[in-house]
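All remarks here apply to the structure that follows.
Sequence lines set the chain letters: A, B, ... in the order given, protein chains first and strands last, and positions in each chain run from 1.
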Protein chains: 2
Amino acid sequence: MKYLLVEDNMDLANAISSRIRLDGHIVDHAAKIADATAFASTGDYDLILLDIMLPDGDGRSFLKQQRAAQNDTPIIVLTARSQVSDRISMLDLGADDYVTKPFDHSELQARCRAVLRRKSGSAQSVLTVGDVEFDTLAGHLSVKGQSINLRNRELRLLELLITSQGKVFSKQKLVDRLFSYDDDVSENAIEVYIGRLRKHLEGSRVQIKTLRGLGYRLDDDG
Amino acid sequence: MKYLLVEDNMDLANAISSRIRLDGHIVDHAAKIADATAFASTGDYDLILLDIMLPDGDGRSFLKQQRAAQNDTPIIVLTARSQVSDRISMLDLGADDYVTKPFDHSELQARCRAVLRRKSGSAQSVLTVGDVEFDTLAGHLSVKGQSINLRNRELRLLELLITSQGKVFSKQKLVDRLFSYDDDVSENAIEVYIGRLRKHLEGSRVQIKTLRGLGYRLDDDG
DNA sequence: TTGGGCATGACAGGTCCATGTCAGGTTGTT
DNA sequence: AACAACCTGACATGGACCTGTCATGCCCAA
């Protein structure tokens, strides 16, 4: 999963970011609304964590802006305890949930999971394609009943491909979704990971097709 | 578990050793019967893997020698495919099993487990002492139903103490059983590990007693 | 057949974790 | 009290694993 954290307090931002990374996710960080807007416009995020008090404006405007622009990426608002009335209006403006500061990480984690589950539609976390089963929550793959260990990056890549099974992803798109803004990574990294994933999927009906010049697609050749 | 591998072919010996170590066990290696006898006399091994063709004599003599000396450490013989008649006589001489070369590691592994299980008497692998449950096969500890993660060395130490619950182990004895001949380790390492194990056992009725000048003993204070 | 896109084995850097040592403190025995 | 045995927090080391790059070779299209 790729998170966008919008928060101007650097200490807090770093703390939250590192916890999210520990869970194996990617985080980009924006300290201003202007930056947040630029990041969000890529549409590469699965979840946005939004502080309301920001130096160049109110989180509310960002929220309105996003929803007006048809961006339905889940947004969780981080509010201070005092701003009670705000919290309700946040939900009205299209926020998916809010967490009152101070919070501990396990609470935030739980809210994130809940929101992601709600948005992804299905209550269940196990996706099945052909003879492949993928548990998005546990991050676990099994092929023909055989359990297979994936490394984190392989996992995230497979998650992308399998949740939009049949869709074509360009290498650049995959880079954008799998890496944070400031690591800059060659597209070859994607080729390498596709190769590694293919190795894991050997013997399965499910395979990753190369569309020369376009990208990759997960197919079920049943 | 501590293994003694008696094998003169260095390549094969190294291959087998490293696989055994990967399983978290200790291996000492002897290339000659003379060395093997010296090693085995310590009685610190849980299992002996014995090649028959050795430069300074026949594995048979070693086997006879050990059994005559009342050493009932399990012995698995490694034979070449041709030596058919030998294999039966091996069992008569007191071998517990044999494996014909070439074999793959999973086969050897399975035979070792089988022999160890047979020798330890109980078919079940879960030992219970007081409010502590220890699964020797899975290498897993739980205290009062709470699952606890142990590191490999802690596991092996606990395994020793719990399978001979009530017996006193001197620090030197523990070093001999937990480490291979060529790592030389201070007795302080044992003190450290006892301390770590005690931490894991906090809140349990079961505890490790210090017998000053003598060693350690696992007790159930129920 | 030529060139760009793609595949892949080998490798280097980094991170995480298990492990044993050390130093200094505590306990127990004489 | 004095000495040895023992305990323990902090640390250095090393190995295992993850990860992205590189170099090289393959493959497909024109």
Using atom [atom1] of [X] as one end and atom [atom2] of [N] as the other, report the distance to the nearest whole Å.
| X | N | atom1 | atom2 | value |
| --- | --- | --- | --- | --- |
| Leu211(B) | dT29(C) | CG | P | 11 Å |
| Glu202(B) | dT8(D) | CD | P | 9 Å |
| His200(A) | dC18(D) | NE2 | C1' | 12 Å |
| Gln172(B) | dA5(D) | CD | P | 14 Å |
| Glu191(B) | dG28(C) | CD | C1' | 14 Å |
| Asn152(A) | dA16(D) | CG | C1' | 17 Å |
| Ile194(B) | dC6(D) | CD1 | C1' | 11 Å |
| Lys209(A) | dG5(C) | NZ | P | 22 Å |

Any donor-acceptor N or O pair under 3.5 Å, side chains [X], [Y]:
| X | Y | result |
| --- | --- | --- |
| Thr136(B) | Arg117(B) | no |
| Arg177(A) | Thr42(A) | no |
| Glu7(B) | His29(B) | no |
| Gln109(A) | Asp23(A) | yes |

* Excluding sequence neighbours, so at least two apart, what forms ring-ring contact (aromatic ring centres under 6.0 Å, His included) with Tyr181(A)? -> Phe39(A)
Quick one: is [X] getting a side-chain N or O under 4.0 Å of the [N] phosphate, OP1 or OP2?
| X | N | result |
| --- | --- | --- |
| Lys171(B) | dA5(D) | no |
| Lys199(A) | dG9(C) | yes |
| Arg198(B) | dC7(D) | yes |

Could you measure the distance from the [atom1] atom of [X] to the [atom2] atom of [Y]? Nearest 0.5 Å is fine.
| X | Y | atom1 | atom2 | result |
| --- | --- | --- | --- | --- |
| Glu187(B) | Ser170(B) | CD | OG | 7.5 Å |
| His25(A) | Leu47(A) | NE2 | CG | 9.5 Å |
| Leu155(B) | Met1(B) | CG | CE | 10.0 Å |

When you compare the protein's N or O atoms with those of nucleotides 20-24 of chain C, which come within less than 3.5 Å of each other, and at what distance?
residue, atom, partner, partner atom, Å
dG20(C), OP1, Arg153(B), NH1, 2.1
dG20(C), OP2, Arg153(B), NH1, 3.3
dG20(C), OP2, Tyr193(B), OH, 2.8
dG20(C), O6, Arg196(B), NH2, 2.8
dT21(C), OP1, Ser186(B), N, 3.4
dT21(C), OP2, Ser186(B), N, 3.2
dT21(C), OP2, Ser186(B), OG, 3.0
dC22(C), N4, Asn188(B), OD1, 3.2

So which protein N/O to nucleotides 28-30 of chain D N/O distances come out below 3.5 Å?
none

* Structure fact -> Only one of Asp72(B), Thr37(B), Asn71(B) passes side chain to side chain donor-acceptor pair (under 3.5 Å) with Gln66(B), and that residue is Asn71(B)
* Structure fact -> Between Gly195(A) and Leu22(A), the residue closer to the 5' end of DNA chain C by nearest nucleotide is Gly195(A)
